[in-house]
Each structure stands twice: as C-alpha cells, then as structure tokens.
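To keep things clear, I will list the structure first and then write my remarks on it.
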Amino acid sequence: MTRLILKRLLVSLVVLWLVTLLVFVATLLLPGDPARAILGQQATPERIAALQHQLHLDEPVWQRYLSWLGGLFTGDLGTSTSTQGPVTTLLADRVSASLVLLVLAAVIATPLGLALGTWSAMRRGRAGDQVVSGISLVIAALPEFVIGVALIVLFATTVFRVLPSVTLTPPGEAVWAQPSQLVLPVLTLVLVVTPYITRMMRATMNEVLDSGYVEMARLKGMRERTVLLRHALPHAVGPVAQVVAIQLAWLAGGVVVVEFLFRYPGIGQALIDAVGKRDVAVVQAVTLLIAAVYIVVNLLADVIGILADPKLRTEAVR
C-alpha cells in the first residue's frame, strides 16, 4: 500500500512540474509587452529597455524559467510589476481570504452531498428520492454565476434584502470579521458542488445496496443501520472520493468567478486584476497555486480511496 501511495505521489510531482512549464509558456503567450503596459504607450525605447532589464525580460526564456522555478523552491514568487513588491506579500491576505471561502464551502458541501445521496439511495423510487434527484439535476445544470446572481436577487436586492450583495471589507480588516458578507459566496459554492456529490453518492450507493455481500448481510439478520455503515458505505466511499476531490478541486478554480461576482478580495479577484494590469508574476503565482490545489486534492482522494475501499486495499497488499 505504501508503494502504491508513493507511486501516486511521484506522478503528482511530475504533473506539477509539467504544470509549471505550461503556466510559464502560457504567460509568455499573453499579448503585449509587460514593460510597455507598465510605462504606457508614450514611453521611450530607452525607458522600456531599462525596465525590461530590471524585470529580467531581456534574458533568454530558459534562464527566466529556471530562475522562476528556483524561486518557487525558496518561496520567492517574484516581484509584482503593479505594486513593485513581493508577490508573496501581495497574495498573503488574498490566499487566507480564499481559504476561508473554500474551507467553509467544502465543510458544508461534502457531508451534505454524502448525506443527501445516501438518504436518496435508501428511498430509491419514492417521492423523496425523486425530489432530491430532480432538484440536484436542475441546480447542476446552472453555471455558478447564474446561481450567484439568483441568490443576490433573492437575498440582497429585490426580495428579502437581508444580506450584502458584495464584500465591503475595510483596508486591514479580515473578511471573516463580518460573517454576513461570507454567506452568499459560500452558499453559491455549496449549491454548485453539492448536486454532483449527491448524484454520485446516490448512484454508487444504489449499486452497492444491490450487491451480493449487502444482500447476504441482510439475510443474516443484521440491522439496516449496521448493513449501511459496515458493508455499504466503505465500498461506496472509494469511488465517491474521486468525485468529491474533483468538485473540491473545482472550488479553487471556480472561486475566480464567484469572487469576481461578489467583489470578494481573494485570489480570484487578484488573478483578474493581474491579467488586466499585465502583472505576469501574479498571474503565474495564482495559476500555479490553483493547479497545485487540484493536484494535492486529487492525490488525497486517491489515498482515501485506497484506505477506504476494501478491494483497493487488497489489491495494494498483493
């Protein structure tokens, strides 16, 4: 089992290295010259050349990549061209704000989706199952910005007006100091993620509940709760863990749209601002951070799937 986990870890590290290549090349393909974007169209060639030298833009591409890659190992993400300060300082508060959003959404959506999926599977074909399946299908078909706008209309503008429609955090104050402004962004992410987890958990539980070992446990006279917890759930968690991982990893990328919609001061808003200002160092840092979250979450899902699924544990031991 340890060998299998280490193999997955090695593959994840290789994928992360390939992501650094893609991120670096993608930022090179961005239109325009960063030096000219900073100085403006009226800048003289001498000033542009001086700034390019200061930003190391006149160095060979491979040398710039190695310097950037080496900085990642030391925690140096480069210098922001818009603020002339370290990218780590610029993103420190943004990362913590986004983490609050993502953790709250994940803590709510994951158990809610698993519980709804299990409850629906236990009532297969009944009215409750049809209601849960229908609602989850409709919500899953809606993009995150549509859900966010609908929540703003419902709770912040024309109907109830009980929650702020945008995040208005004074400078130097943490976003969680005013919990009310977190409700709509978190609720948007929860509504986007939960239907997928619910539907996957329902489908997996239906398959497991129809299996022979569950039927045998019931014939032995075990209570339905014991059958569910001891025989059904362990076999269902493994496949569902992959879907949960994909959805939680999506949060890192999907948060960009949600943060822009609610003017939330996180990494998503920082990415949009950096693209507009042609701040390559910030774009590289945020994109790589989101990709790293994808890879780490999927790695954890693989490990959880191996530990939770008896079949995978047996194959790993062999």
Side-chain angles (χ1 to χ4, degrees), residues 101-156 159-160 162-163 182-211 214 224-225 227-229 231-259 261-262 264 268 293-294 297-298 300-302 304-305 308-309:
L101 206 62
L102 298 180
V103 170
L104 287 175
V107 168
I108 296 173
T110 302
L112 178 62
L114 295 177
L116 285 175
T118 303
W119 183 84
S120 182
M122 297 294 294
R123 289 157 179 79
R124 178 170 41 180
R126 302 180 188 176
D129 175 33
Q130 295 176 358
V131 170
V132 171
S133 299
I135 294 177
S136 62
L137 180 61
V138 171
I139 297 178
L142 298 176
E144 59 270 19
F145 69 88
V146 173
I147 296 176
V149 170
L151 292 178
I152 291 174
V153 172
L154 183 61
F155 294 107
V159 183
F160 294 109
V162 294
L163 295 170
L182 296 175
V183 175
L184 290 183
V186 171
L187 184 57
T188 301
L189 294 174
V190 169
L191 290 178
V192 172
V193 171
T194 302
Y196 294 96
I197 300 176
T198 300
R199 294 181 63 81
M200 183 62 187
M201 188 64 184
R202 176 186 178 277
T204 305
M205 281 297 297
N206 283 335
E207 182 179 351
V208 171
L209 291 175
D210 290 337
S211 62
V214 171
E224 191 66 21
R225 180 179 179 182
V227 172
L228 179 66
L229 296 178
H231 297 280
L233 281 179
H235 289 82
V237 167
V240 175
Q242 300 292 332
V243 176
V244 173
I246 293 174
Q247 295 306 311
L248 296 184
W250 172 90
L251 288 176
V255 76
V256 175
V257 176
V258 174
E259 288 184 357
L261 180 63
F262 293 99
Y264 188 84
V293 171
Y294 262 89
V297 171
N298 279 281
L300 292 176
D302 288 340
I304 293 174
D309 194 332

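Every value quoted in this text rests on a predicted model; they were computed, and no experiment measured them. We number each residue from 1, following the sequence as shown.
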Would you be so kind as to tabulate the donor-acceptor pairs closer than 3.5 Å made by side chains of residues 135-142, with sequence neighbours excluded?
residue	atom	partner	partner atom	Å
Ser136	OG	Val132	O	2.9
Ser136	OG	Ser133	O	2.9

Non-hydrogen atoms of Gln247 and Val193 that approach each other most closely | CB-CG1, 3.5 Å
How long is the gap from OG1 on Thr110 to CD1 on Ile197, to the nearest 0.5 Å?
-> 4.5 Å
State the CG-OG1 distance between Leu112 and Thr194, to the nearest 0.5 angstrom.
-> 5.0 Å
Interatomic spacing from OG1 in Thr118 to CG in Asn206 - rounded to 0.5 Å = 10.0 Å
Taking every heavy atom of Leu101 against every heavy atom of Pro185, the minimum-distance pair comes out as CD1-CB, 3.6 Å
Heavy-atom pair with the smallest gap, counting every atom of Met205 and Ala121 = CB-CB, 3.5 Å
Identified side-chain contact (heavy atoms from CB on, under 4.5 Å) partner of Leu184 from the options Leu261, Leu189, Leu151 | Leu151
CG (Leu104) and CG (Leu187) are apart, to the nearest 0.5 Å, by 12.0 Å
Under the side chain to side chain donor-acceptor pair (under 3.5 Å) test, which residues partner Thr198, sequence neighbours left out?
-> none
When rounded to the nearest 0.5 angstrom, what distance separates CG in Leu116 from CZ in Arg202?
-> 12.0 Å
Any side-chain heavy atom of Val183 within less than 4.5 Å of one from Phe155?
-> no
Could you tell me the separation between the OG atom of Ser120 and the CZ atom of Arg199, rounded to the nearest 0.5 Å?
-> 9.0 Å
